[in-house]
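For reference, the structure discussed in these notes is given below.
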Amino acid sequence: MADPATYGDPEDDTGFKIRRARIGLKGKDEQFVYRLSFGMGSPYDTVLQLGNERIDIVDAYIGYRPMQGLWINVGTQKVPASRDQIMSTSQLVFTERSLPGAWLVPDRDVGVLADYRTSEDG
């Protein structure tokens, strides 16, 4: 029988759970930005593994601003493909990401990202 609290998963027991945990460093000034974070528990948002299946590198990138409004980031970071993936889970309306956002849209990848904005608000 399907339990509505666990969406029919017989192995998913009800109660208090820590679904993911992260720790890291980040910093930003007028010219440079960096972020290095490690995490566990989220199977679809890590790219580089440290050898242990439980702890992965979530973000590891540096960025440089060559001109006003333009940031160039290099490393492992979120891919700007959907609003659901770009936002932090603490900012989402529901406690988890949508299924299309989790399975169809790339979350993090290794590469170069150029971000240009006409205003420096965001």
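Quick note: numbers below take in every heavy atom, side chains included, and nothing from hydrogens, waters or symmetry partners. What you see is a predicted model; the values in this text were computed from it and never measured.
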(request) Check the pair Thr76, Tyr61 against side-chain contact (heavy atoms from CB on, under 4.5 Å), reporting the backbone distance first and the verdict last. (result) CA-CA 6 Å; Thr76 302; Tyr61 65 86; over 6 Å; no

(request) State, to 0.1 Å, how close Trp71 and Glu30 come at their nearest heavy-atom pair, and which atoms those are. (result) CH2-O, 4.1 Å

(message) Between Phe38 and Ile57, is there a side-chain heavy-atom distance shorter than 4.5 Å?
(response) yes

(message) Tell me the closest heavy-atom pair linking Val58 and Gly39, and the distance in Å.
(response) CG2-N, 3.6 Å

(request) Starting at NZ of Lys26, measure out to CG of Leu36 and round the result to the nearest 0.5 Å. (result) 13.0 Å

(message) For Gln31, is there any backbone N or O sitting under 3.5 Å from a side-chain donor or acceptor partner on Asp29?
(response) yes

(request) Flag yes if Met67 and Val112 sit in one hydrophobic cluster, no otherwise; membership is Ile, Leu, Val, Met, Phe, Trp, Tyr, and two members link when side-chain heavy atoms are under 4.5 Å apart. (result) yes

(message) Would a single hydrophobic cluster contain both Leu25 and Tyr64, if residues Ile, Leu, Val, Met, Phe, Trp and Tyr are joined by side-chain heavy-atom contacts under 4.5 Å?
(response) no

(message) Pair Asp115, Asn73 - check side-chain contact (heavy atoms from CB on, under 4.5 Å), show working.
(response) CA-CA 8 Å; Asp115 180 12; Asn73 297 339; 5.8 Å; no

(message) Tell me if a side-chain donor or acceptor on Arg108 pairs with a main-chain N or O of Asp59 at a distance below 3.5 Å.
(response) no

